Each structure stands twice: as C-alpha cells, then as structure tokens.
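From a predicted model like this one, the values you see are computed outputs, not experimental measurements. Heavy atoms only: backbone and side chains are in, while hydrogens, waters and symmetry mates are out.
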Amino acid sequence: MRLALYASVPDLAVPNLVALQDEALAALPTVLVCPLKPGIALTALRIEVPWGNQSLIACSDLARPIRRAVLRPMGWLDPALSQAIMERFLSL
C-alpha cells in the first residue's frame, strides 16, 4: 500500500495532504491527513515524513474528507511510511 500525496493549492512546491483512501474510491470525498507540514508538534499519533531535504509531519489526528478533484497530485509515500500513518490513524 502506498498513500498518495497532494497539494491543496496550485503553487505549493511541497505536498500538504496525505490520502488515506484507495484511489478506486475517487468518486467519493477522500479522507486526508491534514496538514502535512514542518514545525508541527510531534505526538504519538503523528509521523515524520521526509520530503527532499525537509522533514514534514503527517497529522493523522486531524484527518478530514475533501474532494480529490480540487487537489494536485504530488506523488506517493513509500509502503513503510504509508503503513505507519494508517496504523496511527486506525489507532484513533
């Protein structure tokens, strides 16, 4: 499993959202971890995500549904990070 990364604004150079929902469910609002950015407190429910030379924080505790159609795809997380984020999210 590899979670998809998205940007919520066109000119953002780094992803700021991580999808928690399968791409096959694109017709539905997608459940996303929000936000994904540096400088947020790291807690037991949050995961560090390396992006280039930055360390972003994925906030599984702030997940919410958003329409995928308004987002810009930015790539994918590796399977280990994807699994860690899903485990933290499901532990809620």
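Side-chain contact check for Ser60 versus Ile85: some heavy-atom pair is nearer than 4.5 Å. At least one side-chain heavy atom of Ile57 sits under 4.5 Å from a side-chain heavy atom of Glu48. Between Pro15 and Tyr6 there is no side-chain heavy-atom pair separated by less than 4.5 Å.
The minimum heavy-atom distance linking Trp51 with Leu56 is given by the pair CB-CD1, 3.7 Å. Taking every heavy atom of both residues into account, Ala41 and Arg46 meet most closely at O-NH1, 2.9 Å. Scanning all heavy atoms of the two residues, the minimum distance from Leu71 to Ser8 falls at CD2-CA, 3.8 Å. When every heavy atom of Val14 is checked against every heavy atom of Ala7, the shortest pair comes out as O-CB, 4.2 Å.
Rounding to the nearest 0.5 Å gives a distance of 13.0 Å between CG of Leu32 and SG of Cys59. The CG atom of Leu17 sits 11.5 Å away from atom CG of Leu62, with the distance rounded to the nearest 0.5 Å. Here CG of Leu36 is found 11.5 Å from CD1 of Ile47. Values are rounded to the nearest 0.5 Å. Atom OG of residue Ser55 and atom NZ of residue Lys37 lie 14.5 Å apart, to the nearest 0.5 angstrom.
Follow the hydrophobic side-chain contacts under 4.5 Å out from Val33 and you never reach Ile66; the two are in separate clusters. Met74 and Leu81 fall within a single hydrophobic cluster, where Ile, Leu, Val, Met, Phe, Trp and Tyr side chains are chained together by heavy-atom contacts under 4.5 Å. Met86 is connected to Leu45 through a chain of hydrophobic side-chain contacts under 4.5 Å among Ile, Leu, Val, Met, Phe, Trp and Tyr, so both are in one cluster. Phe89 and Val49 fall within a single hydrophobic cluster, where Ile, Leu, Val, Met, Phe, Trp and Tyr are joined by side-chain heavy atoms under 4.5 Å apart, directly or via other members. Under the 4.5 Å side-chain heavy-atom criterion for grouping Ile, Leu, Val, Met, Phe, Trp and Tyr, Val31 is not connected to Val70 through any hydrophobic cluster.
Under a 3.5 Å cut-off, the side chain of Arg2 and the backbone N or O of Leu77 do form a donor-acceptor pair. Arg72 places a side-chain N or O within donor-acceptor distance of the main-chain N or O of Leu12, the cut-off being under 3.5 Å. In terms of modelled atom types and a separation under 3.5 Å, the side chain of Arg88 and the main chain of Ala44 share a donor-acceptor contact. Not a single donor-acceptor pair under 3.5 Å links the side chain of Arg64 to the backbone N or O of Cys34. With Thr30 contributing its side chain and Gln21 its backbone, the two residues share no donor-acceptor pair below 3.5 Å.
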